[in-house]
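Please read the structure below before turning to the comments.
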Amino acid sequence: IWANWEKALLLNGRIVLLGNSFQAYDDRIISSEQKSDKTNALFPMLPFVTETQVLYTNNGGPKGRLSAFCDSEISWQEVEMAFNDCVVLNFLDLTEEMMVFPPRPEEYFIAGKEDSE
């Protein structure tokens, strides 16, 4: 996300991600320090994110899950555990609705790993 931090590149379906839910990160991280980190590219984009679940609970009971894309029964517990927060993410342009596109976050560097070359 950081490398493509331009409104024209990120918004309206130009970039689609398959990965962990941004909303789940928001729900689990309660530290205001982490949420306000100047290198964080996830939280400033939350208002623009739409998520489509990859797996969802089957109405037939808690055991089965269905794939949102192929309608096939998935019974392997390992698959459920691996993809329980997996979503397809894209970003909508809500700037016309009085939302300002956020400025690009600072680049993240791992502490103590200066140029070793």
Side-chain angles (χ1 to χ4, degrees):
I1 295 172
W2 184 88
N4 293 288
W5 200 275
E6 291 180 36
K7 184 177 170 181
L9 293 175
L10 278 175
L11 302 183
N12 291 330
R14 297 207 38 140
I15 291 185
V16 177
L17 303 173
L18 175 67
N20 290 344
S21 166
F22 282 20
Q23 188 60 51
Y25 282 122
D26 186 39
D27 292 343
R28 292 181 187 137
I29 296 179
I30 55 174
S31 162
S32 61
E33 181 181 335
Q34 289 175 310
K35 286 188 177 187
S36 62
D37 181 343
K38 292 180 181 186
T39 64
N40 193 314
L42 187 142
F43 292 114
M45 290 306 295
L46 275 173
F48 300 92
V49 170
T50 60
E51 298 184 350
T52 303
Q53 296 290 321
V54 173
L55 297 175
Y56 55 90
T57 305
N58 182 357
N59 290 336
K63 270 187 156 182
R65 285 187 177 255
L66 294 175
S67 165
F69 300 109
C70 64
D71 249 3
S72 63
E73 189 73 25
I74 297 175
S75 58
W76 303 304
Q77 183 179 7
E78 295 84 8
V79 173
E80 281 191 77
M81 290 173 61
F83 294 103
N84 67 339
D85 277 345
C86 190
V87 296
V88 176
L89 297 119
N90 65 352
F91 305 92
L92 297 178
D93 187 355
L94 302 174
T95 54
E96 292 178 10
E97 297 174 20
M98 303 301 288
M99 295 193 82
V100 177
F101 190 73
R104 185 179 194 179
E106 295 177 12
E107 189 170 3
Y108 176 78
F109 293 100
I110 298 172
K113 292 247 179 179
E114 288 78 18
D115 284 337
S116 58
E117 297 176 25

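Residues take their numbers from the sequence shown, with the count starting at 1. Only this structure's heavy atoms are used, side chains among them; waters, hydrogens and symmetry mates stay out.
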Do the side chains of [Y] and [X] get nearer than 4.5 Å, heavy atoms only?
X	Y	value
Lys7	Phe48	no
Leu10	Ile1	yes
Phe101	Leu11	yes

Worksheet entry | N/O donor-acceptor pair under 3.5 Å between Trp2 side chain and Ala41 backbone | no
Worksheet item: Quick one: does Lys35's side chain have a donor or acceptor within less than 3.5 Å of a partner on Asp26's backbone?
Response: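 Between the backbone of Asp26 and the side chain of Lys35 there is a qualifying donor-acceptor contact (under 3.5 Å).
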Discussion item. Run Phe91 and Thr50 through side chain to side chain contact (heavy atoms under 4.5 Å, CB included) and show every step you take.
Written reply: CA-CA 6 Å; Phe91 305 92; Thr50 60; over 6 Å; no
Rounded to the nearest 0.5 Å, what separates atom [atom1] in [X] from atom [atom2] in [Y]?
X	Y	atom1	atom2	result
Asn90	Ile15	CG	CD1	10.5 Å
Glu33	Asn40	CD	CG	12.0 Å
Leu92	Asn12	CG	CG	6.5 Å

[X] and [Y]: which non-hydrogen atoms are nearest, and at how many Å?
X	Y	value
Arg104	Ala3	NH2-CA, 3.8 Å
Gln23	Leu46	N-CD2, 4.1 Å
Met45	Pro102	SD-CG, 4.0 Å

Worksheet item: Can Arg28 and Asp85 be said to form a side chain to side chain contact (heavy atoms under 4.5 Å, CB included), step by step?
Response: CA-CA 12 Å; Arg28 292 181 187 137; Asp85 277 345; 2.6 Å; yes
Worksheet item: Phe109 and Thr39: side chain to side chain contact (heavy atoms under 4.5 Å, CB included), yes or no, with the steps?
Response: CA-CA 9 Å; Phe109 293 100; Thr39 64; over 6 Å; no
Discussion item. Using the rule that Ile, Leu, Val, Met, Phe, Trp and Tyr join whenever any side-chain heavy atoms are under 4.5 Å apart, tell me whether Leu9 and Leu89 fall into a single cluster.
Written reply: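 The answer is no; the residues belong to distinct hydrophobic clusters.
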Item to complete: Report, as yes or no, whether the 6.0 Å neighbourhood of atom CD on Glu107 holds more than 12 heavy atoms from other residues, nucleotides or ligands.
Response: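 More than 12 within 6.0 Å, yes.
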Worksheet item: Counting heavy atoms not belonging to Arg14, are there more than 12 under 6.0 Å from its CZ?
Response: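 Atom CZ in Arg14 is not packed in, count stays at 12 or less.
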Discussion item. Per the ring pair (Phe, Tyr, Trp, His ring centres under 6.0 Å) rule, what does the pair list look like for residues 6-43, sequence neighbours excluded?
Written reply: none
